[in-house]
Amino acid sequence: MKKKLATVWLGGCSGCHMSLLDIDERILEVAKLADIVKCPIVDGKPFPEVDIALVEGSVTSDEHYEEILHIRKQAKVLVALGDCAVMTNITGMRNYFPLQDVMAAAYTHSPSNDGEGMWPNHAALLKLHGKVLPLQSVVTVDVVVPGCPPSADTIFYVLYELLNDRMPDLSTAQKLKYG
Amino acid sequence: MPVITVYINGQKISTESGVTILEVCKANNIPMLTLCHLKGLHDIGACRLCLVEIEGVNRLLSGCTTQVADNMMIRTDTDRIKRYQRITVELFFAERNHVCAVCVANGNCELQQAGYAVGLDHIRYPFLYPECNVDTSHPWFVMDHNRCIMCTRCVRVCTQVEGAGNWGVMNRGHDVRIISDFNTPWGESSTCTDCGKCVHACPTGAIWPKAVAQGQLTKYPEMIGELVEKRKLLQ
Ligand code: SF4
Ligand code: SF4
Ligand code: SF4
Ligand code: FES
């Protein structure tokens with residue numbers, strides 16, 4: 001039976017997904033063993049039930065919070081992919097300051113804004129939380145892959161192990177990397 | 001010095017007395033994780049990574065500050081030691097703000113290497129996210145407290161090797177900070193000779209020259225030990 005694989009992008013820069021694409025022709029190996037049923041370029045439908053979910057990015061807002069709780073219910077194996085998901089990384093740098101100061105820096109005082117100082121607050125927009133959180137402080141994470149981004153080799157190693165029902169071990173595989 | 005016998009991880013070793021467990025390990029190629037130790041400086045046991053178990057002693061001791069004694073039974077490789085080493089490295093990451101992706105030391109940092117050595121893939125403790133000062137007042141060097149692990153290698157090299165005594169330590173617990181002179185901007189220091197030794201001694205991206213970009217920092221901490229040896233020849 002082919003496995004179901006999904007990838008998602010929360011509070012991150014998409015760099016981990018770029019690194020995933022850098023596995024190049026090895027994507028064919030992945031495709032032999034799994035169907036990619038959801039990823040950031042698949043529109044619309046809610047996150048389906050999957051065997052493996054690769055989650056890039058941290059939890060920065062109400063929307064991310066709901067989403068990661070839903071993904072946790074849907075995924076047999078949840079992989080925290082990249083430094084933002086694992087330790088908040090650059091997205092967490094705003095945690096040193098109150099949210100109001102961060103918003104003011106971006107929308108009131110930034111030299112590049114239009115001068116009106118309006119803060120976006122449309123109902124359709126996500127609402128930023130006061131503090132950015134790594135995935136493991138919101139849900140149980142099964143596999144952790146640090147790196148900004150993790151290398152294509154590391155991502156392929158992790159995927160290939162999981163697709164073959166083995167638990168990847170970055171430490172013994174000497175593939176640990178931060179930054 | 002009289003010769004004594006110690007046992008490290010079951011291996012029988014003859015050594016002179018009056019040396020530390022770390023020195024014996026180094027001489028016998030027994031790996032020992034260290035961070036605050038730097039050859040040429042006095043050891044102070046600040047980082048608690050060089051842990052050892054000694055038969056008959058209940059608590060773990062630091063190998064860099066514990067001297068060997070005759071017939072000492074020492075272990076450096078137990079699960080208990082490994083567990084504490086991992087916790088300690090996690091706490092270093094949790095208590096300041098380490099964003100390796102934008103750090104000058106990325107790829108050449110002793111804290112990262114310690115993390116890899118203990119198999120740290122994530123941090124189990126809540127991040128404190130303290131607001132930390134970045135002192136850019138010195139004409140050539142930056143002191144970024146976000147990345148400081150309080151090993152005091154900078155303090156010791158400045159006092160013990162350069163003889164300038166610019167760096168000191170202020171406060172305790174989470175509020176502990178390295179300070180320049182009496183907590184004034186480094187650029188206004190009346191003691192710093194601008195020698196750059198602390199830049200090389202610092203194991204992380206906390207002290208760095210302004211002329212480097214992300215991931216480009218190269219340090220030469222061995223230079224400190226070599227300097228100390230060369231000075232002995234002049235005496
Ligand atoms: S000092 Fe080391 S661990 Fe800290 S951010 Fe820089 S590279 Fe990462
Ligand atoms: S540059 Fe030299 S004198 Fe100045 S603080 Fe660093 S070690 Fe001390
Ligand atoms: S600035 Fe560097 S050398 Fe000084 S205590 Fe901090 S980490 Fe250690
Ligand atoms: S190296 Fe021994 S305590 Fe830091």
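Order of the sequence lines sets the chain letters (A, B, ...), proteins ahead of strands, with each chain counted from 1. Values below: all heavy atoms of this structure, side chains included; hydrogens, waters and symmetry mates excluded.
Atoms CG and SG, from A/D22 and A/C16 in turn, are 11.5 Å apart once rounded to the nearest 0.5 Å.
Minimum interatomic distance between B/A114 and B/L33 (heavy atoms only, all atoms of both residues): CA-CD1, 4.4 Å. Nearest heavy atom pair, residue A/D153 against residue A/R26, reads OD1-NH1, 2.8 Å. In terms of heavy-atom proximity, A/V55 sits nearest to A/A85 at O-CB, 3.6 Å.
Only the side chain of A/P134 comes within less than 4.5 Å of a heavy atom of chain B; its backbone N, CA, C and O stay farther away. Using a 4.5 Å cut-off between heavy atoms, B/L120 touches chain A through backbone and side chain atoms alike. For A/L170, no part sits under 4.5 Å from any heavy atom of chain B, backbone or side chain. Neither the backbone nor the side chain of A/V143 comes within contact range of chain B; no heavy atom of the residue lies under 4.5 Å from a heavy atom of that chain.
Remark: A/K32 engages A/E29 in a salt bridge (Lys or Arg N to Asp or Glu O under 4.0 Å) (not counting sequence neighbours).
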Practice item. Please assess B/V52 against B/M32 for the test side chain to side chain contact (heavy atoms under 4.5 Å, CB included), listing each intermediate value before the final yes or no. Key: CA-CA 9 Å; B/V52 293; B/M32 181 167 270; 3.4 Å; yes

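Ionic pairing of A/K76 and A/D51 is present here: one or more N-O contacts between side-chain nitrogen and carboxylate oxygen are shorter than 4.0 angstrom. Using a 4.0 Å cut-off between charged nitrogen and carboxylate oxygen, A/D62 and A/K127 do not count as a salt-bridge pair.
Counting heavy-atom pairs closer than 4.5 Å to chain B, the top-ranked of the candidates A/C148, A/P146, A/G147 is A/P146.
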Chain A to chain B donor-acceptor contacts, backbone plus side chain, under 3.5 Å:
residue: A/T88; atom: OG1; partner: B/Y129; partner atom: OH; Å: 2.7
residue: A/N95; atom: ND2; partner: B/Y129; partner atom: OH; Å: 3.4
residue: A/Q136; atom: NE2; partner: B/I123; partner atom: O; Å: 3.2
residue: A/Y178; atom: N; partner: B/Y116; partner atom: OH; Å: 2.9
residue: A/Y178; atom: O; partner: B/Q112; partner atom: NE2; Å: 3.3
residue: A/Y178; atom: OH; partner: B/G115; partner atom: O; Å: 3.4
residue: A/Y178; atom: OH; partner: B/L120; partner atom: O; Å: 2.8

